[in-house]
Protein chains: 2
Amino acid sequence: MRKILQGLVATLLASAGSALPAMAQEQPLLQTPDQIVVAAPAADWVRIAPSDLMVMDLAPDAAGRPRRVVIQLVPAPFSQGWVENIRRLVSEHWYDGIAVVRVQDNYVVQWGDPDGEVPEKAKPLPEGLNVVPESEYATTVKGVEALIRPGANGTSERGTLLTKTGKRSVTFLSTDHDAYANVTGFVDGWPFAYGVSNEQGLFPTHGFAWPVHCYGMVGVGRNVSPDTGTGAELYAVIGHAPRQLDRNIALVGRVIAGIEHLSSLPRGTGELSFYETPEERTPIVSVRMGDDVSGLPAYAYLSTESASFAAYADKRANRKDAFYIQPAGGVDVCNVPVPIRAVKP
Amino acid sequence: MRKILQGLVATLLASAGSALPAMAQEQPLLQTPDQIVVAAPAADWVRIAPSDLMVMDLAPDAAGRPRRVVIQLVPAPFSQGWVENIRRLVSEHWYDGIAVVRVQDNYVVQWGDPDGEVPEKAKPLPEGLNVVPESEYATTVKGVEALIRPGANGTSERGTLLTKTGKRSVTFLSTDHDAYANVTGFVDGWPFAYGVSNEQGLFPTHGFAWPVHCYGMVGVGRNVSPDTGTGAELYAVIGHAPRQLDRNIALVGRVIAGIEHLSSLPRGTGELSFYETPEERTPIVSVRMGDDVSGLPAYAYLSTESASFAAYADKRANRKDAFYIQPAGGVDVCNVPVPIRAVKP
């Protein structure tokens, strides 16, 4: 058999008689996170509105193959001031003709106006874009409630956040094991962190929640503080989660398809890995919202409030099957990618 | 000024008058991790023996440019059974002519004999390679001692591990904030995790230590357990740290130069992101140990026992400068890459 880093499904099914974790004993075929996702009922999948998708078409590659990147914009209560700017920039086709200008290994791919910092050459921005304050990097949470409904392996539990956009159901990962926040988890299909600015410990009466810099997340390039950026220059994370950027920069979305067209680009050799010559840049032909693109697949995410997601998160933290002999017993929020798939329109 | 994700040095120096963290107040020019590394005295840099380096030359790229990847092998007490096999495979030039066969986005690049699983076509392996047991995925630690010498911001502390190869000085990151282990830190320039197989809590009298799957770490491809692999098929991590692999697979080294030649390769489209056609593979022309390669730069790592490294780790956890307004207050072990640089031979 070919050497692999993960047991093949066929192998796992064949080994159903071997020592299995609690959940798999109940459902012998669901030994791996992928198997749990495949077995999730249709009702557990949430359609993503095409109007929340940015479709970014890069110039074709050297072999003439199309390169399409699909980005989902983050929902309220997160980063909506920047998201409004981005929607306007798309509607005015402002991004058409800009380029990927920076690729730093194990960090980010960044795109924008290559002449953006040369006043006489810069592409004019629409007037009246929101100037968003740094306070919007996180959202205030008035209350937190943990329902303490552990998942199959106790890795996750259900709870609620009282945010400015109402009460949000969330799935928390086991607390007290994140280096950057009091609590991490998932709300409306997105990874988030929760914390307080002082030492109130876990589940304080109020605090802040913010989206986290996991692989594939999209943020707003900016100059030094207090500038928070307009949204005209964006980046995507292509390495180990740079969580130090959390609450220091605006996260506005995530790549849900085609990230390989960004992550496999040649790395820049200039300062901060910017490209040194125009020839190195990858042109961005057009950016449109999903409801303006004909033939776009429908996308859906696995509800992070579903039992399927809880079982998936628990399995990500406790692999034990024909390949894994030592369950980790835990997992970090960026190592639980929310399953997203294309579905029949 | 060009929009960036990190403040430029010039900007930071210009802002030395702004609010600074404790350490920067003492040394106003050392506001960023990079500045601390640049300012580290020569005595804090440890030369890496060329005999511990694997130099892997891939076929030139489409433009004819050379693609060299330099891998440092992990020292005792970790994974030496596999490391011995790899040294022998290099000495017999066994790796020459194999290829990169798999590239999975946000996971791994894997190389080996493309025909390795076809008995009549497979490249014969040398006889007498070590067959290493699963117990070698981690090393037994007889004792742990924390000296409790906090770094500048209290993020790190010095300590010792009593291993089978003697007492090792280590730098621990702040404990109790890793999802996968009781303690994480750095030993002899390498990231490691420490834990126990039961709930003895932190700093138990004995337990296990193991290298961790951070970006750039190199491991041994294998079939399903209890096979642990020979070292003839290897992979490098090119995404968010897949810590679930810790203690389930052998880590034998890390890429210290040229990882962009692996991480920017086209992603595979077959099962588990293996390439589907031979044409997609990147040939490996030769692999030699560093002391057999003329003109190889000398490499050195920042001693993880040095005050410079402690300050660097603390700054990775507590960025506050012209760009960062909100120090994270913590950092995970894979977000503290050990500084490694080429130095004059």
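Note on naming: letters A, B, ... go to the chains in the order of the sequence lines (proteins, then strands), and numbering restarts at 1 for each one.
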* Does A:Asn248 reach the side chain of B:Arg319, with side-chain heavy atoms less than 4.5 Å apart? -> no

* Asked: Between B:Glu134, B:His261, B:Arg267, which shows the greatest number of heavy-atom pairs under 4.5 Å with chain A?
  -> B:Arg267

* Structure fact -> side-chain contact (heavy atoms from CB on, under 4.5 Å) test vs B:Asp105 passes for just one of A:Ile238, A:Ile259, A:Leu262, namely A:Ile259

* Among A:Ala179, A:Gly112, A:Gly116, A:Gly330, who wins on heavy-atom pairs under 4.5 Å with chain B? -> A:Ala179

* Apply side chain to side chain contact (heavy atoms under 4.5 Å, CB included) to A:Pro337 and list each qualifying residue two or more places apart in sequence or on a separate chain. => A:Tyr312, A:Arg316

* Go through the structure and list residues passing side chain to side chain donor-acceptor pair (under 3.5 Å) with B:Glu260, not counting sequence neighbours. => none

* Check: A:Phe323 main-chain N/O paired with B:Arg222 side-chain donor or acceptor under 3.5 Å -> yes

* To do: First locate atom CZ of A:Arg243, then atom SG of B:Cys334, and finally report the distance between them rounded to the nearest 0.5 Å.
  => 13.0 Å

* **A:Tyr215 versus chain B, the contacting section by heavy-atom distance below 4.5 Å** => side chain

* For A:Ile325, is it the side chain, the backbone, both, or neither that has a heavy atom closer than 4.5 Å to a heavy atom of chain B? -> both

* **Which of A:Ala62, A:Ser263, A:Ala328 touches chain B most, by non-hydrogen pairs under 4.5 Å** => A:Ser263

* Pairwise distance CD(A:Gln326) to CZ(B:Phe208) - rounded to 0.5 angstrom -> 9.0 Å

* Which region of B:Pro327, side chain (C-beta onward) or backbone (N, CA, C, O), has a non-hydrogen atom less than 4.5 Å from a non-hydrogen atom of chain A, or is it both or neither? -> backbone

* Asked: Between A:Asn335 and B:Ala241, which heavy-atom pair has the shortest distance, and what is it?
  -> ND2-O, 3.9 Å

